[in-house]
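Atoms considered below: every heavy atom in the structure, side chains included; atoms not considered: hydrogens, waters and symmetry mates.
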Amino acid sequence: MTMVLIVVAVVSGALVLGAAWGIYGSLSTKTEGFLVALAGGALLLSVVTELIEPSVEETSLLAAVIGVAIGAIVFSVVDYAIKEKMDSSGGAGLLAAITLDGIPENLALGVALIGAGAPEVAALAGSILLSNLPEAAGGAKDMASGRSKGRVLALWAATAAILSLAAVAGNVFLAEASDTTLGTIRCIAAGAVIASLATEVFPKAYRENDYWTGIATALGVLLALALGELGGG
(Lines give C-alpha, C1' and ligand atoms only; values in the text may rest on other atoms or scores of the structure.)
Protein backbone atom coordinates (compact mmCIF):
# COMPACT_ATOMS: atom_id res chain seq x y z
CA MET A 1 0.00 0.00 0.00
CA THR A 2 2.92 2.34 0.65
CA MET A 3 4.02 2.03 -2.96
CA VAL A 4 0.47 2.68 -4.16
CA LEU A 5 0.18 5.83 -2.03
CA ILE A 6 3.53 7.15 -3.26
CA VAL A 7 2.66 6.63 -6.94
CA VAL A 8 -0.82 8.14 -6.50
CA ALA A 9 0.54 11.13 -4.57
CA VAL A 10 3.11 11.91 -7.26
CA VAL A 11 0.62 11.55 -10.12
CA SER A 12 -2.12 13.60 -8.44
CA GLY A 13 0.39 16.11 -7.09
CA ALA A 14 1.21 16.95 -10.70
CA LEU A 15 -2.26 18.51 -10.94
CA VAL A 16 -1.48 20.96 -8.15
CA LEU A 17 2.00 21.65 -9.50
CA GLY A 18 0.63 22.19 -13.00
CA ALA A 19 -2.12 24.48 -11.70
CA ALA A 20 0.41 26.59 -9.81
CA TRP A 21 2.52 26.79 -12.97
CA GLY A 22 -0.45 27.96 -15.02
CA ILE A 23 -1.59 30.53 -12.44
CA TYR A 24 1.69 32.02 -11.32
CA GLY A 25 4.15 31.03 -14.05
CA SER A 26 4.58 31.75 -17.73
CA LEU A 27 3.19 29.33 -20.31
CA SER A 28 2.78 30.25 -23.96
CA THR A 29 -0.17 28.88 -25.89
CA LYS A 30 2.05 27.00 -28.37
CA THR A 31 4.11 25.45 -25.59
CA GLU A 32 0.96 24.34 -23.83
CA GLY A 33 -0.39 22.80 -27.05
CA PHE A 34 2.87 20.93 -27.66
CA LEU A 35 2.95 19.55 -24.11
CA VAL A 36 -0.71 18.51 -24.25
CA ALA A 37 -0.12 16.60 -27.51
CA LEU A 38 3.05 15.01 -26.10
CA ALA A 39 1.17 13.82 -23.02
CA GLY A 40 -1.78 12.67 -25.13
CA GLY A 41 0.43 10.50 -27.33
CA ALA A 42 2.08 8.94 -24.30
CA LEU A 43 -1.24 8.25 -22.63
CA LEU A 44 -2.76 6.77 -25.80
CA LEU A 45 -0.03 4.15 -26.15
CA SER A 46 0.00 3.39 -22.43
CA VAL A 47 -3.76 2.80 -22.37
CA VAL A 48 -3.41 0.26 -25.18
CA THR A 49 -0.33 -1.56 -23.89
CA GLU A 50 -0.95 -1.39 -20.13
CA LEU A 51 -4.74 -1.73 -19.99
CA ILE A 52 -6.31 -3.13 -23.15
CA GLU A 53 -3.73 -5.70 -24.28
CA PRO A 54 -3.38 -7.36 -20.84
CA SER A 55 -7.17 -7.39 -20.54
CA VAL A 56 -7.54 -9.24 -23.85
CA GLU A 57 -5.25 -11.94 -22.45
CA GLU A 58 -7.19 -12.12 -19.16
CA THR A 59 -10.70 -12.06 -20.65
CA SER A 60 -11.32 -12.15 -24.39
CA LEU A 61 -11.20 -9.84 -27.38
CA LEU A 62 -15.00 -9.53 -27.36
CA ALA A 63 -15.10 -8.59 -23.66
CA ALA A 64 -12.34 -6.03 -24.22
CA VAL A 65 -14.19 -4.50 -27.18
CA ILE A 66 -17.42 -4.25 -25.20
CA GLY A 67 -15.62 -2.75 -22.20
CA VAL A 68 -13.86 -0.10 -24.26
CA ALA A 69 -17.12 0.77 -26.02
CA ILE A 70 -18.99 1.12 -22.73
CA GLY A 71 -16.27 3.35 -21.29
CA ALA A 72 -16.24 5.61 -24.34
CA ILE A 73 -20.04 5.89 -24.42
CA VAL A 74 -20.38 6.62 -20.71
CA PHE A 75 -17.66 9.27 -20.82
CA SER A 76 -19.17 10.95 -23.87
CA VAL A 77 -22.68 11.03 -22.40
CA VAL A 78 -21.55 12.42 -19.04
CA ASP A 79 -19.20 14.89 -20.73
CA TYR A 80 -22.09 16.13 -22.87
CA ALA A 81 -24.32 16.51 -19.82
CA ILE A 82 -21.69 18.52 -17.96
CA LYS A 83 -20.73 20.75 -20.88
CA GLU A 84 -24.23 21.36 -22.25
CA LYS A 85 -26.52 21.05 -19.25
CA MET A 86 -24.47 22.32 -16.31
CA ASP A 87 -23.17 25.80 -15.66
CA SER A 88 -19.50 25.23 -16.49
CA SER A 89 -18.68 28.79 -15.47
CA GLY A 90 -19.30 27.92 -11.83
CA GLY A 91 -17.02 26.05 -9.47
CA ALA A 92 -19.21 22.92 -9.37
CA GLY A 93 -19.36 22.60 -13.14
CA LEU A 94 -15.64 23.15 -13.55
CA LEU A 95 -14.80 20.67 -10.81
CA ALA A 96 -17.12 18.08 -12.35
CA ALA A 97 -15.58 18.49 -15.80
CA ILE A 98 -12.02 18.26 -14.48
CA THR A 99 -12.83 15.25 -12.32
CA LEU A 100 -14.57 13.45 -15.17
CA ASP A 101 -11.38 13.60 -17.24
CA GLY A 102 -9.23 12.29 -14.41
CA ILE A 103 -11.28 9.56 -12.75
CA PRO A 104 -10.86 6.94 -15.53
CA GLU A 105 -7.10 7.51 -15.60
CA ASN A 106 -6.72 7.25 -11.82
CA LEU A 107 -9.10 4.32 -11.47
CA ALA A 108 -7.10 2.52 -14.15
CA LEU A 109 -3.87 3.37 -12.34
CA GLY A 110 -5.21 1.99 -9.06
CA VAL A 111 -6.34 -1.24 -10.74
CA ALA A 112 -3.06 -1.58 -12.64
CA LEU A 113 -1.13 -1.34 -9.37
CA ILE A 114 -2.89 -4.42 -7.96
CA GLY A 115 -0.23 -7.06 -7.54
CA ALA A 116 2.36 -4.98 -9.37
CA GLY A 117 5.34 -2.90 -8.38
CA ALA A 118 5.82 0.69 -9.51
CA PRO A 119 8.29 -0.24 -12.29
CA GLU A 120 5.67 -2.48 -13.89
CA VAL A 121 3.27 0.43 -14.33
CA ALA A 122 5.92 3.00 -15.17
CA ALA A 123 4.48 3.79 -18.60
CA LEU A 124 0.92 4.31 -17.39
CA ALA A 125 1.86 6.31 -14.29
CA GLY A 126 4.40 8.38 -16.22
CA SER A 127 1.93 9.12 -18.98
CA ILE A 128 -0.78 10.22 -16.54
CA LEU A 129 1.75 12.45 -14.78
CA LEU A 130 2.76 14.01 -18.10
CA SER A 131 -0.90 14.47 -18.97
CA ASN A 132 -1.79 16.09 -15.64
CA LEU A 133 0.88 18.80 -15.80
CA PRO A 134 -0.14 20.63 -19.01
CA GLU A 135 -3.85 19.92 -18.48
CA ALA A 136 -3.77 21.56 -15.06
CA ALA A 137 -1.54 24.40 -16.23
CA GLY A 138 -3.78 25.29 -19.16
CA GLY A 139 -7.02 24.79 -17.24
CA ALA A 140 -5.91 26.82 -14.23
CA LYS A 141 -4.59 29.59 -16.48
CA ASP A 142 -7.99 29.92 -18.16
CA MET A 143 -9.91 29.68 -14.89
CA ALA A 144 -7.78 32.34 -13.18
CA SER A 145 -9.14 34.96 -15.54
CA GLY A 146 -11.65 36.88 -13.45
CA ARG A 147 -11.30 34.59 -10.42
CA SER A 148 -9.20 34.54 -7.29
CA LYS A 149 -5.92 32.73 -7.94
CA GLY A 150 -6.04 31.18 -4.49
CA ARG A 151 -9.55 29.88 -5.10
CA VAL A 152 -8.57 28.35 -8.43
CA LEU A 153 -5.54 26.63 -6.90
CA ALA A 154 -7.73 25.31 -4.08
CA LEU A 155 -10.16 23.92 -6.67
CA TRP A 156 -7.37 22.01 -8.38
CA ALA A 157 -6.08 20.76 -5.01
CA ALA A 158 -9.58 19.46 -4.23
CA THR A 159 -9.64 17.76 -7.61
CA ALA A 160 -6.28 16.12 -6.94
CA ALA A 161 -7.63 14.79 -3.62
CA ILE A 162 -10.75 13.36 -5.29
CA LEU A 163 -8.71 11.68 -8.02
CA SER A 164 -6.29 10.26 -5.44
CA LEU A 165 -9.25 8.67 -3.65
CA ALA A 166 -10.41 7.18 -6.97
CA ALA A 167 -7.03 5.54 -7.51
CA VAL A 168 -6.80 4.22 -3.94
CA ALA A 169 -10.40 2.98 -4.06
CA GLY A 170 -9.73 1.14 -7.31
CA ASN A 171 -6.70 -0.51 -5.75
CA VAL A 172 -8.30 -1.41 -2.41
CA PHE A 173 -11.83 -2.46 -3.32
CA LEU A 174 -10.85 -4.44 -6.39
CA ALA A 175 -7.87 -6.22 -4.86
CA GLU A 176 -9.82 -9.49 -4.52
CA ALA A 177 -11.57 -9.23 -7.89
CA SER A 178 -11.04 -11.93 -10.49
CA ASP A 179 -8.80 -11.42 -13.51
CA THR A 180 -11.88 -11.30 -15.72
CA THR A 181 -13.46 -8.54 -13.62
CA LEU A 182 -10.23 -6.53 -13.49
CA GLY A 183 -9.75 -6.91 -17.23
CA THR A 184 -13.25 -5.64 -17.92
CA ILE A 185 -12.82 -2.66 -15.59
CA ARG A 186 -9.49 -1.81 -17.18
CA CYS A 187 -11.11 -1.78 -20.62
CA ILE A 188 -14.00 0.41 -19.46
CA ALA A 189 -11.51 2.87 -17.97
CA ALA A 190 -9.43 2.68 -21.15
CA GLY A 191 -12.45 3.48 -23.30
CA ALA A 192 -13.22 6.55 -21.20
CA VAL A 193 -9.62 7.75 -21.44
CA ILE A 194 -9.56 7.27 -25.22
CA ALA A 195 -12.80 9.23 -25.55
CA SER A 196 -11.35 12.07 -23.47
CA LEU A 197 -8.24 12.13 -25.66
CA ALA A 198 -10.36 12.36 -28.80
CA THR A 199 -12.77 15.03 -27.57
CA GLU A 200 -10.63 17.09 -25.19
CA VAL A 201 -6.88 16.59 -25.50
CA PHE A 202 -6.00 16.38 -29.19
CA PRO A 203 -8.48 19.05 -30.38
CA LYS A 204 -7.09 21.43 -27.76
CA ALA A 205 -3.51 20.64 -28.77
CA TYR A 206 -4.24 21.26 -32.46
CA ARG A 207 -6.03 24.55 -31.78
CA GLU A 208 -3.05 25.83 -29.82
CA ASN A 209 -0.12 24.43 -31.78
CA ASP A 210 -1.54 23.34 -35.17
CA TYR A 211 0.76 21.09 -37.20
CA TRP A 212 3.35 20.57 -34.47
CA THR A 213 0.68 18.47 -32.76
CA GLY A 214 1.44 15.48 -34.97
CA ILE A 215 5.13 15.59 -34.13
CA ALA A 216 4.48 16.06 -30.40
CA THR A 217 2.02 13.16 -30.37
CA ALA A 218 4.55 10.86 -32.07
CA LEU A 219 7.19 11.89 -29.53
CA GLY A 220 4.72 11.12 -26.75
CA VAL A 221 4.15 7.63 -28.12
CA LEU A 222 7.92 7.04 -28.24
CA LEU A 223 8.28 8.37 -24.71
CA ALA A 224 5.62 5.96 -23.41
CA LEU A 225 7.33 3.13 -25.27
CA ALA A 226 10.62 4.02 -23.56
CA LEU A 227 8.93 4.21 -20.14
CA GLY A 228 7.39 0.80 -20.75
CA GLU A 229 10.76 -0.70 -21.62
CA LEU A 230 12.38 0.82 -18.54
CA GLY A 231 9.55 -0.58 -16.43
CA GLY A 232 10.06 -4.03 -17.87
CA GLY A 233 6.89 -3.93 -20.03
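Side-chain contact between E53 and V48 is present, with at least one heavy-atom pair separated by less than 4.5 Å. Counting heavy atoms from C-beta on, the side chains of F75 and T199 come closer than 4.5 Å.
A donor-acceptor pair shorter than 3.5 Å cannot be found between the side chains of T181 and T184.
Distance check: L129 CG to L17 CG gives 8.5 Å after rounding to the nearest 0.5 Å. Taking CG of L107 as the reference point, atom CG of L163 lies at 11.0 Å (rounded to 0.5 Å).
The two residues I52 and C187 have their closest heavy-atom pair at CA-SG, 4.4 Å. The two residues W156 and V16 have their closest heavy-atom pair at O-CG2, 4.4 Å. Among all heavy-atom pairs drawn from V221 and G41, the shortest one is CG2-O, 3.4 Å.
Under a 3.5 Å cut-off, the side chain of T213 and the backbone N or O of D210 do form a donor-acceptor pair. Judged purely by atom type and a 3.5 angstrom limit, S46 has no side-chain atom pairing as donor or acceptor with the backbone of L43. Under a 3.5 Å cut-off, the side chain of N171 and the backbone N or O of G110 do form a donor-acceptor pair. One N or O on the side chain of N132 and one on the backbone of V11 form a donor-acceptor pair closer than 3.5 Å.
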Assess whether side chain to side chain contact (heavy atoms under 4.5 Å, CB included) is satisfied between V47 and I194, documenting all intermediate values. CA-CA 8 Å; V47 163; I194 291 170; 4.0 Å; yes
Side chain to side chain contact (heavy atoms under 4.5 Å, CB included), that's the test. Do K30 and W212 meet it? Break it down for me. CA-CA 9 Å; K30 284 193 173 294; W212 281 97; 5.7 Å; no
Is there a side chain to side chain contact (heavy atoms under 4.5 Å, CB included) between F173 and V168? Walk through the geometry before answering. CA-CA 8 Å; F173 293 113; V168 173; over 6 Å; no
Given salt bridge (Lys or Arg N to Asp or Glu O under 4.0 Å), test K204 with E208 step by step and report yes or no. CA-CA 6 Å; K204 174 182 175 65; E208 296 184 348; 3.0 Å; yes
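Using a cut-off of 4.0 Å between Lys/Arg side-chain N and Asp/Glu carboxylate O, E58 and R186 are scored as salt-bridged.
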